[in-house]
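Remarks on the structure that follows.
Model, not experiment: these values are computed from the prediction.
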Amino acid sequence: MAAVKKKRWPYVLGGILVLLIAIVAVVLWRLDAILLKTARDQAATYSQKLGRPIEIGDISTKLFPHVGAQIENVTVGPAEGEDLPLAELKQVDVSVAAMPLITSKGKDIRVQNAEVSGLTVNVIRLADGTTNVQRLQEKLAQQQPKEETPQEESQPTDLSGVHVERAALTDGTIRFVDRAAGAQARELAVKDLDIEVKDLRVGQPLKVDLAAAVLAEKQNLKMTLAAAPLPATLVPTPEQVTLKAEHIDLSPLGPFLPPDVGLQAGTLDADWKADLGGAVPGGKGPTKVVGVIKALGMKFAGSEGGKALDVVLDTDVTGDMATGDLALDKLKLDLGPAAITGKGKVKGLLTDKPAVEGFELVGRNLDPAVLAEYYPPLRKQLNGMIAGPIGLDVRGSGTQDAQALNIAVDLTPVRLRVPDQLTKDAGGAMKLNAKVTGAAASGGALHFDAKADLNGVDMRPGLLVNKAPGQRLEVAAVGTYAPAKTGSGMTVNVTRMSLGALEDTVTGTATVALAGTGKKATTTFKADVKAARLDAEKLLMSEEEVLARTGGKPPPEPPVEANRFNGYRGDIQFAITSLRYTAMDLSNVTGVVKMVDDLITVEKFSTGIYGGKVVADGTTIRLGPAPEARPFTAKVQVQGLEVAQALAARTPKQVLTGKFNGNVDVQGVGYTPEKLQQTLLGGINGNLLEGTFLGKDLVSSVTGPLAKAIPFAKALKGGDVTSLGGDLPFSVTIKNGVAQLSKPITWTRPEAAMSFDGGIGLDGTLDLTGGVSLTPATIKTLTVGKVTPAEAIPVGLKISGKAWSPEVTGIDVKPAATTILKLAGGAALSGVLGEKGKAVQDVLTGGQDKAKAEAEAKRQELEARANEEKKKLEDQARIEQEKAKQRAEEEAKKKLRGIFGK
């Protein structure tokens with residue numbers, strides 16, 4: 001039995017293996033079916049989006065010894081109105097080693113082969129002149145969302161576990177079919193297109209080979225890209241590019257290029273090689289460019305007289321950005337009638353011992369308008385912005401101990417029309433001259449000394465600087481430039497700079513450092529600016545001048561990106577002895593302004609203005625939002641400011657005189673009066689010294705109506721001003737664009753004591769309520785000596801209207817007139833009746849005291865700003881006055897009856 005069992009086990013094991021193989025076969029068969037169905041479903045979805053049928057012939061997979069997949073007969077069909085598919089693909093074959101993939105749990109990916117074969121792309125020029133590729137691009141553009149959400153920066157993917165032994169595109173074809181010619185349809189092709197990459201993995205150099213037969217039967221274009229050993233991200237750093245082209249006829253390609261190019265004829269030959277070195281991000285070492293590229297007989301639709309353009313680039317150039325070496329063994333660029341030629345050497349330009357050997361770089365006939373006669377699309381691109389020969393001349397000069405490069409760019413013969421920026425007529429001065437040397441003092445950085453003459457430029461089209469042609473605009477800068485050691489960024493240190501604009505000159509120093517890229521880019525700066533005199537009012541265009549140039553319409557606001565100042569760090573220090581700005585004359589303007597992203601903080605600021613001094617330390621503003629949404633805080637200290645001068649340019653008439661000492665602490669959003677009326681908050685407090693309120697004499701405003709109410713009174717001679725005393729303290733709270741008095745302002749003059757409460761709007765509208773208490777001396781003068789009360793007599797009133805044209809309303813002289821009349825009657829009886837008359841006067845005086853008390857109560861209620869109770873209290877006061885009057889009259893009658901025995 002044991003022997004029988006021993007003989008049976010191989011059959012059992014074999015059966016199990018057969019069963020497993022059958023199961024795997026079924027799984028693979030079903031897996032292929034599932035993958036094919038999924039792929040075809042996705043193809044159907046994209047067919048709807050692109051408006052082109054997408055078909056997939058078959059998918060087959062392998063699991064061992066290689067994990068792989070084969071996709072066959074993929075077609076992206078024609079859209080409506082097209083008779084050929086956009087693309088056809090015979091086969092895609094991908095195979096990955098199974099065991100490393102399994103044992104590493106998917107971390108070791110060894111792609112043994114990834115090959116695309118038999119790719120054919122059909123580029124069709126349709127009857128309307130467009131191509132199927134253009135139609136596809138338009139369809140894809142329609143699929144894009146209108147506003148893309150910015151993506152967060154992510155860490156680079158580590159692909160160190162990926163190894164691609166071979167990736168290739170073989171036997172590719174790009175067919176060009178011209179259907180626009182009707183029955184005489186033309187066909188041409190780029191055939192035998194091969195692209196191959198081998199041994200792609202971390203630490204290995206990358207090499208990409210491309211070869212193709214461009215409009216020919218055999219391969220006539222070869223291109224190679226070599227890169228440095230790959231990092232973990234597999235993102236290559238190109239080191240070398242070679243290009244070889246053998247007399248490629250470009251004429252047949254013309255109809256398939258964008259219509260605005262209009263290529264009709266031309267040939268391309270090239271034998272060119274570039275060792276990129278430090279010229280590319282992450283690259284190291286010298287850069288060398290050797291070879292010739294020729295594009296001859298280039299004809300374009302619309303060229304004047306059918307002119308043909310020859311473009312020839314012949315180079316043997318070596319440069320090293322790290323040391324500042326440049327050798328022009330040969331440099332010649334011909335652009336039809338224009339040319340740039342160079343020769344000579346520069347060594348160690350970025351070191352402390354630069355050397356120049358016969359260096360020249362010269363431009364000839366560099367006139368974009370003339371080149372546009374050969375290449376008409378350039379005319380549209382230039383849009384009339386530039387015409388005329390550009391002068392370019394770079395030469396080495398100096399002795400063995402002091403050598404330099406002299407750069408001269410002369411745009412004087414050039415006509416410029418830069419929309420919304422500047423214009424310049426041919427003949428107007430515009431030159432740049434610079435000297436460049438090594439700078440030992442700055443550690444080997446590049447030293448420059450540059451001057452620009454912009455006198456012929458008209459800056460007014462930019463709607464900011466009011467500089468016309470022929471007026472002075474000169475810029476000069478001396479400093480150093482050093483590229484960042486990390487390969488990204490730079491530092492520019494301007495040790496001396498000057499700006500001459502119109503009649504003024506600004507001097508100073510500055511430093512700017514750029515670092516990082518993308519969202520991590522930073523700009524760090526520091527500047528120190530000085531000027532003896534600066535008339536910004538002349539230099540900047542006024543609102544009237546801007547509207548005159550825009551036809552009365554305000555210029556459109558540029559689109560605002562809230563994050564456009566992210567990464568900015570720095571401060572600006574300034575000192576200007578005399579500054580004219582928006583009708584203000586400022587003296588000794590000094591300050592330090594700090595910037596962190598979009599937040600501007602005035603750390604220090606002081607200036608003399610309007611006979612006083614203003615300090616604005618701590619003021620802030622955010623520049624990120626649009627102007628109408630920019631928040632700000634203003635912290636201002638004022639000493640000895642002449643109020644009349646400050647208000648003169650802001651009000652039609654003089655409003656107030658005196659000197660102001662105090663503090664302004666406000667915050668808001670936006671700058672327009674409409675926005676400030678909604679957002680401005682804060683307060684102002686201080687003292688007005690020797691102040692005068694112009695335009696209205698408050699004492700005369702009261703005594704005039706009072707004199708009319710008293711038969712024997714004589715009106716006082718009035719004026720147009722009200723003295724506010726030697727020292728008037730006040731405090732206002734600003735809310736919703738209205739400055740409301742925190743407590744009543746009160747002052748005393750020989751004629752009267754005055755007290756007011758209320759507020760004033762940002763538009764100058766007054767809303768003040770209070771009273772004028774006439775002194776006994778004033779009452780005596782008013783009544784021609786007939787009445788001299790023991791105390792002041794109050795009169796209530798309101799002040800409204802604009803501050804420069806105030807209106808006095810709500811004058812209530814009845815209580816005061818009644819009191820004065822009673823006092824006058826009592827005085828008359830006292831003179832006639834002696835002691836008995838004196839008793840009558842005492843009764844009347846008592847009536848006076850009661851009336852005064854009621855008036856005083858009324859004033860106190862007004863001071864408390866109990867507006868909702870004001871009307872009720874006024875009615876009650878009037879009722880009490882009538883009762884008091886009746887009681888006084890009844891008492892007087894009783895006394896008189898007693899005296900006369902009736």
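Scored by the side-chain hydrogen bond (donor to acceptor under 3.5 Å, both in side chains) test, Thr550 finds no partners at all (sequence neighbours excluded). Listed by chain and residue number, Ala476, Thr507 satisfy the side chain to side chain contact (heavy atoms under 4.5 Å, CB included) test with Ser498 (two or more places apart in sequence, or in another chain). Residues that satisfy the ring pair (Phe, Tyr, Trp, His ring centres under 6.0 Å) test with Phe574, not counting sequence neighbours, are absent from this structure. With sequence neighbours left out, the side-chain hydrogen bond (donor to acceptor under 3.5 Å, both in side chains) criterion links Ser731 to Ser742. By the side-chain hydrogen bond (donor to acceptor under 3.5 Å, both in side chains) test, Lys526 is found to be paired with Asp571, residues two or more places apart in sequence or in another chain being considered. A search for side-chain hydrogen bond (donor to acceptor under 3.5 Å, both in side chains) contacts involving Thr775 returns Thr778, not counting sequence neighbours.
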Expected list for residues 561-568: side-chain donor-acceptor pairs under 3.5 angstrom, two or more places apart:
unit_1: Arg564; atom_1: NH1; unit_2: Glu561; atom_2: O; d: 2.8
unit_1: Arg564; atom_1: NH1; unit_2: Gly624; atom_2: O; d: 2.8
unit_1: Arg564; atom_1: NH2; unit_2: Leu623; atom_2: O; d: 3.0

Could you pull out every donor-acceptor pair under 3.5 Å between side chains of residues 700-716 and any protein atom, sequence neighbours left out?
unit_1: Ser700; atom_1: OG; unit_2: Asp697; atom_2: OD2; d: 2.6
unit_1: Ser701; atom_1: OG; unit_2: Asp697; atom_2: O; d: 2.8
unit_1: Thr703; atom_1: OG1; unit_2: Val699; atom_2: O; d: 3.1

Table please: side-chain donor-acceptor pairs of residues 686-693 below 3.5 Å, with sequence neighbours left out.
unit_1: Asn687; atom_1: ND2; unit_2: Asp727; atom_2: OD1; d: 2.8
unit_1: Thr692; atom_1: OG1; unit_2: Thr657; atom_2: OG1; d: 3.4

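Annotation: side-chain hydrogen bond (donor to acceptor under 3.5 Å, both in side chains) contacts involving residues 589-602, sequence neighbours excluded, comprise Arg569-Asp597, Thr590-Ser606, Asp598-Arg622. Identified under the salt bridge (charged side-chain N to carboxylate O under 4.0 Å, His left out) test for residues 574-585, with sequence neighbours left out: Glu537-Arg580, Arg580-Asp585. Sorted by first and then second residue, the salt bridge (charged side-chain N to carboxylate O under 4.0 Å, His left out) pairs involving residues 760-784 (not counting sequence neighbours) are Asp763-Lys802.
Side-chain atoms of Thr619 come within 3.5 Å of backbone atoms of Ala616 as a donor-acceptor pair (strictly under, hydrogens ignored).
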